[in-house]
Student: 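Below is one structure. I have some questions about it.
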Amino acid sequence: MKITIGHLYPDLLNLYGDRGNIQCMKMRLVWRGFEAEVREFNLGDTIDFSDLDIVLLGGGSDREQMLVCEKLQSIREDFEDYVNDGGSVLAVCGGYQLLGHYYDTSKGRMEGLHLADLYTEQGSPRLISNIVLENEDFPYPIVGFENHGGRTYLGRNPVVSGQTGSSEKSWEPGDLRPFGKVLFGHGNNDQDGVEGILYQNIVGTYLHGPLLPKNPHVCDYLLRNALLRKGFSGELEPLDDAEEIEANTIIMRRFVK
Ligand code: GLN
């Protein structure tokens, strides 16, 4: 079985080494005996979403996001069909903001893709920090680094599983919900105590840089969803993540307890 990863606009949305996230997805597929292909799309390229299993939209400065956002309007419908068909997406930082309705900056409004019910407003100071998240659906905390001026607000009333003290989930699979509860750091807007989104098979997050190498459990979440959509019915073979798990524990101890 082959998984094709589409990297959108790597020449513009490429802050903090998004290619490392692609490399991580690719290798965790190859190590398990799957085929993996990476296709890069630049601004002038036609994207056939029906060929893709995972789409990566990376981070960018406000200036680069502005250039990309116009182009995104022309692929909006195809992108939406792909998401509604269960296509997997990893959208980081600037890419995450562009999934929403808009991103308001001092230089004007950037129209978003309207794929996820969220919006972003530029604020000050920039929110720069190490960050640790908790989501009880993931076996380990999610660790990373954030650096954003934008404050993102979720349109619906977000529910973080576990936050209410009840083990009952108050969301259905496919609903928009936060990626995690913030244990350390700022998160979406420094107020709500949550970070990012999970929606359909989208992971949207401010955690940039080596998000997936640091969090192989998040990488496998994306891979599993993409493989299931292709008809894979087994369990992902476990890989030796001992070093990653140890690093995760050290970060938890350093920043949380
Ligand atoms: N330009 C956006 C912001 O500052 C996103 C930054 C990023 O992708 N790191 O909020």
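In each ligand, atom 1 is the first atom listed, and ligand 1 is the first ligand listed.
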Student: In this structure, which one of E195, E146, Q97, H186 forms a side chain to side chain donor-acceptor pair (under 3.5 Å) with Y206?
Tutor: Q97
Student: Can a salt bridge be assigned to the pair D62 and K107 using a cut-off of 4.0 Å between side-chain N and carboxylate O?
Tutor: no
Student: Under 4.0 Å from any heavy atom of S61, which atoms of ligand 1 are there?
Tutor: 1 (N)
Student: Can you check side-chain hydrogen bond (donor to acceptor under 3.5 Å, both in side chains) on E246 and T249, steps first, answer last?
Tutor: CA-CA 5 Å; E246 198 181 327; T249 307; over 6 Å; no
Student: Can you sort out which atoms of ligand 1 are near Q65, meaning under 4.0 Å from one of its heavy atoms?
Tutor: 1 (N), 2 (C), 5 (C)
Student: Would you say the side chain of I131 lies within less than 4.5 Å of the side chain of F255, judging by non-hydrogen atoms?
Tutor: no
Student: Considering only protein heavy atoms, which is closest to atom 7 (C) of ligand 1, and at what distance to one decimal place?
Tutor: C93 SG, 2.9 Å
Student: Centroid separation under 6.0 Å, is that true for the rings of Y119 and H101?
Tutor: no
Student: Taking non-hydrogen atoms only, is R126 closer than 4.0 angstrom to ligand 1 via side chain, backbone, both or neither?
Tutor: side chain
Student: Could an N or O of ligand 1 be found under 3.5 Å from any N or O of N147, whether backbone or side chain?
Tutor: yes
Student: Taking the six-membered ring for Trp, is the centroid-to-centroid distance between H7 and F41 below 6.0 Å?
Tutor: no
Student: Could you tell me whether ligand 1 has any atom less than 4.0 Å away from a heavy atom of Y103?
Tutor: yes
Student: Tell me whether E40 is salt-bridged to R19, with the criterion being a basic N under 4.0 Å from an acidic carboxylate O.
Tutor: yes
Student: Identify the protein heavy atom lying closest to atom 6 (C) of ligand 1, giving its residue, its atom name and the separation to 0.1 Å.
Tutor: G60 O, 3.4 Å
Student: Given R39, which partner from the list D51, D48, D45 fulfils the side chain to side chain donor-acceptor pair (under 3.5 Å) test?
Tutor: D51
Student: Please could you name the atoms of ligand 1 that H148 approaches to less than 4.0 Å, counting only its heavy atoms?
Tutor: 4 (O), 10 (O)
Student: Are Q97 and ligand 1 in contact, using a heavy-atom cut-off of under 4.0 Å?
Tutor: yes
Student: Does a side-chain N-to-carboxylate-O contact under 4.0 Å join R151 and D104?
Tutor: no
Student: What protein heavy atom sits nearest atom 1 (N) of ligand 1, and how far away is it?
Tutor: D62 OD1, 2.5 Å
Student: Please list, in number order, the atoms of ligand 1 under 4.0 Å from a heavy atom of G149.
Tutor: 3 (C), 4 (O), 10 (O)
Student: Evaluate G59 for polar contact with ligand 1, using N/O atom pairs at a separation under 3.5 Å.
Tutor: no
Student: Using distance alone, determine whether G94 and ligand 1 share an N or O pair under 3.5 Å.
Tutor: yes
Student: Would you say H208 has any N or O atom under 3.5 Å from an N or O of ligand 1, going by distance alone?
Tutor: no
Student: Which atoms of ligand 1 have any heavy atom of G150 under 4.0 Å away?
Tutor: 3 (C), 10 (O)
Student: F184, I128: one ILVMFWY side-chain cluster at the under-4.5 Å cut-off?
Tutor: no
